[in-house]
Q: 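Dropping a structure here in structure tokens format, bear with me for questions.
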Amino acid sequence: MQVTEINAQGLKREFQVLLAAQELEERLTNELSGMKDKVQLKGFRPGKVPVAHLRKVYGRSVMAEVVQNAVNEANRQIVTDNGLKLALEPQVEFPTDQAEVEKALDAKGDLAFKVALEVMPSFELADLSDVSLTKLVAKPSDEEVNEALDRMAGQSRPFAEREEGAEAQSGDRVTIDFVGRIDGEEFQGGKGEGIDLELGSGSFIPGFEEQLVGAKVGDKRLVKVTFPESYGAEHLAGKDAEFDVTVTKIQAPGEAKIDDEFAKSMGMESLEKLREAVSEAIGRDFEAATRRRLKKDLLDALDGKYAFELPPSLVAQEFAAVWAQVEQDLKTRGKTFEDEDTTEEKAQAEYRKIAERRVRLGLVLAQVGESADIKVSDEEVNQALIARVRQFPGQEQQVWDFYRKNAQALAELRAPLFEEKVVDHVLGQVKLVEEPVSKEALFADEDDDDTTGAKPADKAEAEDGSKTEAQAD
């Protein structure tokens, strides 16, 4: 096998591989000879089938394997001999002249093919000793804890049926039956019976709950609403609908006292213990926000430290993923580029820069992790998998089996774990200055955009099969 580099431009490499007819013949003969003791053909004793006969019966299929093995061997040789780190799998180009290919498959002519590669860029890790970051830190206040307790109490407050003939008020819980129609026709998901609805909660589509205020038990009302343009079900988004609603029960909210008894109903020993638990929960939310802000600032600093050529195919892949999300978001919200005060061309240019940033930072973090010998243990992956499985109540075994049988899916769980470890490592190399701030300052202008190159697993959500289309999406 003769391998010759024929092009080297930037991160792209191209090689010409030549398999002489004689070598093809030798490889084919060796493969067929190895089949003699395994193949049983009618009219021949085991191990006595002539190679010439095997060639007549299996020659073309075996030659296809020979060629594939030669391609794999050539790829390995190219990578090893040239010390390359590939960005993507090699692209193989065979001759377009069919007659030339046929002759090679019969081992009567040479086989020449091209191997195109994209390699990883080479760069030195930057000195981060001059990088200083501000770590915004917020602590839960008594007021924030009280607000959380009020919300908890409101969600668990008792309800009692109103007296006969009473009208439903905002804050009441009504039980309703309804049938929805669009243009006079019932639609899927537009029917419900015995559905509890707290008026003023905003849990149904806009305008629905307000039209039930003042209703009495037994009342039938025609509720007219318009589905939001951004509604999740495309066939309903933006459509006018009418619901025939029957009120079957009205319950008034009672008072929920925030005391030790309430704490015990929440599974805590006392109100003091409940307050501590709520404060800790809020604190974890604050810590997560602190982490997000600090990570983004760190990535911004890293982005300013590096400028190197990027593998075009990696950028193209990342841009395709980003752009698909952009188009889906516009479609879901019923918006156009003009509505966003831009054009498709300008938006593509902007998101291509985002894709380039993600790829660049992904390569930087990968090299940092490799240089620091950062590893993600199997136990850490298992913990992440357990957390993912818990997101699918009732489907735990199916989800577990899916990930265990799918190496790519497991890799998508491992990637964000690796990224967080690398971020921790890099944070240890920069100067951090803590700054106490309020909750409002901590969450102000928070940007949740994933700006790295790692691919975190998709955030899966279990669907509630009992949900009707009248309920808010």
Side-chain angles (χ1 to χ4, degrees), residues 148 150-257 262 265-267 331-334 390-396 398 459-473:
D150 287 340
R151 287 194 298 271
M152 293 170 63
Q155 293 168 358
S156 61
R157 59 184 171 175
F159 281 85
E161 287 195 42
R162 284 194 178 277
E163 65 276 11
E164 185 177 350
E167 295 181 349
Q169 302 175 21
S170 181
D172 285 357
R173 184 166 66 193
V174 297
T175 303
I176 57 175
D177 300 335
F178 58 84
V179 177
R181 296 180 177 84
I182 293 178
D183 296 330
E185 299 290 333
E186 293 185 24
F187 57 88
Q188 185 177 1
K191 188 174 183 179
E193 294 183 356
I195 304 298
D196 289 333
L197 170 61
E198 186 174 329
L199 301 184
S201 65
S203 55
F204 272 38
I205 54 179
F208 191 103
E209 297 167 22
E210 292 83 346
Q211 296 179 57
L212 296 181
V213 173
K216 301 177 182 180
V217 172
D219 280 0
K220 299 180 184 296
R221 289 203 171 184
L222 181 63
V223 174
K224 298 182 180 182
V225 294
T226 300
F227 282 95
E229 292 288 347
S230 60
Y231 197 71
E234 294 183 21
H235 67 291
L236 299 177
K239 297 289 184 65
D240 293 328
E242 294 182 345
F243 288 85
D244 292 319
V245 181
T246 302
V247 178
T248 61
K249 186 188 295 185
I250 301 175
Q251 295 176 302
E255 182 182 359
K257 294 183 179 180
F262 171 71
S265 72
M266 295 287 104
K331 186 176 181 181
T332 299
R333 295 188 294 117
R390 286 174 177 166
Q391 295 177 345
F392 297 86
Q395 305 176 52
E396 290 89 348
Q398 298 96 307
K459 296 178 182 177
E461 296 181 355
E463 299 234 352
D464 178 5
S466 64
K467 180 177 174 181
T468 67
E469 294 296 357
Q471 292 172 277
D473 188 66

Q: Is Glu164 atom CD crowded by more than 12 heavy atoms from other residues, nucleotides or ligands, each under 6.0 Å away?
A: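 Not buried by this count: 12 neighbours or fewer within 6.0 Å.
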
Q: Work out which heavy atom in Phe208 is nearest to a heavy atom in Ile176; give both atom names and the distance.
A: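 Heavy atoms of Phe208 and Ile176 come nearest at CE2-CD1, 4.0 Å.
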
Q: Supply the atom-to-atom distance His235 NE2 to Gln188 CD, rounded to the nearest 0.5 angstrom.
A: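 It is 6.5 Å, given to the nearest 0.5 Å.
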
Q: How about Phe204 and Ile195: do any of their side-chain heavy atoms sit closer than 4.5 Å?
A: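 In contact.
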
Q: Working to the nearest 0.5 angstrom, can you tell me the gap between Leu236 CG and Phe227 CZ?
A: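 Rounded to the nearest 0.5 Å, the CG-CZ separation comes out at 4.5 Å.
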
Q: Got a salt bridge between Arg181 and Asp244, using NZ or NE/NH1/NH2 to carboxylate O under 4.0 Å?
A: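 A salt bridge links Arg181 with Asp244.
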
Q: If I compare all heavy atoms of Ser203 with all of Leu197, which pair ends up nearest, and what's the gap?
A: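 Distance-wise, the nearest heavy atoms are OG-CD1, 3.3 Å.
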
Q: How close do Pro158 and Glu255 get, heavy atom to heavy atom, and via which atoms?
A: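 So the minimum-distance heavy-atom pair works out to CD-O, 3.9 Å.
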
Q: Kindly give the heavy-atom pair with the smallest separation between Met266 and Met152, and that separation in Å.
A: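 Looks like SD-CE, 3.7 Å.
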
Q: Thr248 side chain to Thr175 main-chain N or O, any donor-acceptor pair under 3.5 Å?
A: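 Flag set: sc Thr248 to bb Thr175 pair under 3.5 Å.
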
Q: Under the 3.5 angstrom rule, does the side chain of Gln211 hit a backbone N or O of Lys224 as a donor-acceptor pair?
A: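 At least one qualifying donor-acceptor pair exists.
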
Q: Distance-only, no hydrogens or angles: does the Glu242 side chain make a donor-acceptor pair with backbone N or O of Leu222 under 3.5 Å?
A: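 Looks like no, no N/O pair under 3.5 Å.
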
Q: Please check if the side chain of Glu396 supplies one atom and the backbone of Gly394 the other of a donor-acceptor pair under 3.5 Å.
A: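 Yes, because the side chain of Glu396 sits within donor-acceptor range (under 3.5 Å) of the backbone of Gly394.
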
Q: Is the backbone of Gly194 close enough, under 3.5 Å, to the side chain of Asp177 for a donor and an acceptor to pair up by distance?
A: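 Between the backbone of Gly194 and the side chain of Asp177 there is a qualifying donor-acceptor contact (under 3.5 Å).
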
Q: Below 4.5 Å, heavy atoms only, C-beta onward: do Arg221 and Val247 meet side chain to side chain?
A: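 Arg221 vs Val247: side chains apart.
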
Q: Test of understanding: with side chain to side chain contact (heavy atoms under 4.5 Å, CB included), list the residues that count as partners of Lys331, not counting sequence neighbours.
A: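 Expected list: Glu234.
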
Q: Measure across Ile205 and Phe243 and return the closest heavy-atom pair with its distance rounded to 0.1 Å.
A: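 Reported closest heavy-atom pair: CD1-CE1, 4.2 Å.
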
Q: Assess the residue pair Phe187 and Lys239 against the criterion (side-chain contact (heavy atoms from CB on, under 4.5 Å)); give the C-alpha distance rounded to whole Å, side-chain angles, the decisive distance to 0.1 Å, and a yes or no.
A: CA-CA 12 Å; Phe187 57 88; Lys239 297 289 184 65; over 6 Å; no

Q: So, for Pro253 and Asp172, which heavy atoms are closest and what is the spacing to 0.1 Å?
A: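 Looks like CD-OD1, 3.3 Å.
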
Q: Under the side chain to side chain contact (heavy atoms under 4.5 Å, CB included) rule, collect the residues that match up with Ala153, sequence neighbours excluded.
A: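 Residues passing side chain to side chain contact (heavy atoms under 4.5 Å, CB included) with Ala153: Ala256, Ile258, Phe262.
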
Q: Please name all residues satisfying side chain to side chain contact (heavy atoms under 4.5 Å, CB included) with Lys216, sequence neighbours left out, ordered by chain then number.
A: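 Side chain to side chain contact (heavy atoms under 4.5 Å, CB included) check on Lys216 returns Glu167, Asp219.
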
Q: If you measure from CD on Gln251 to CD on Glu198, what distance do you get to the nearest 0.5 Å?
A: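 The distance works out to 10.5 Å.
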
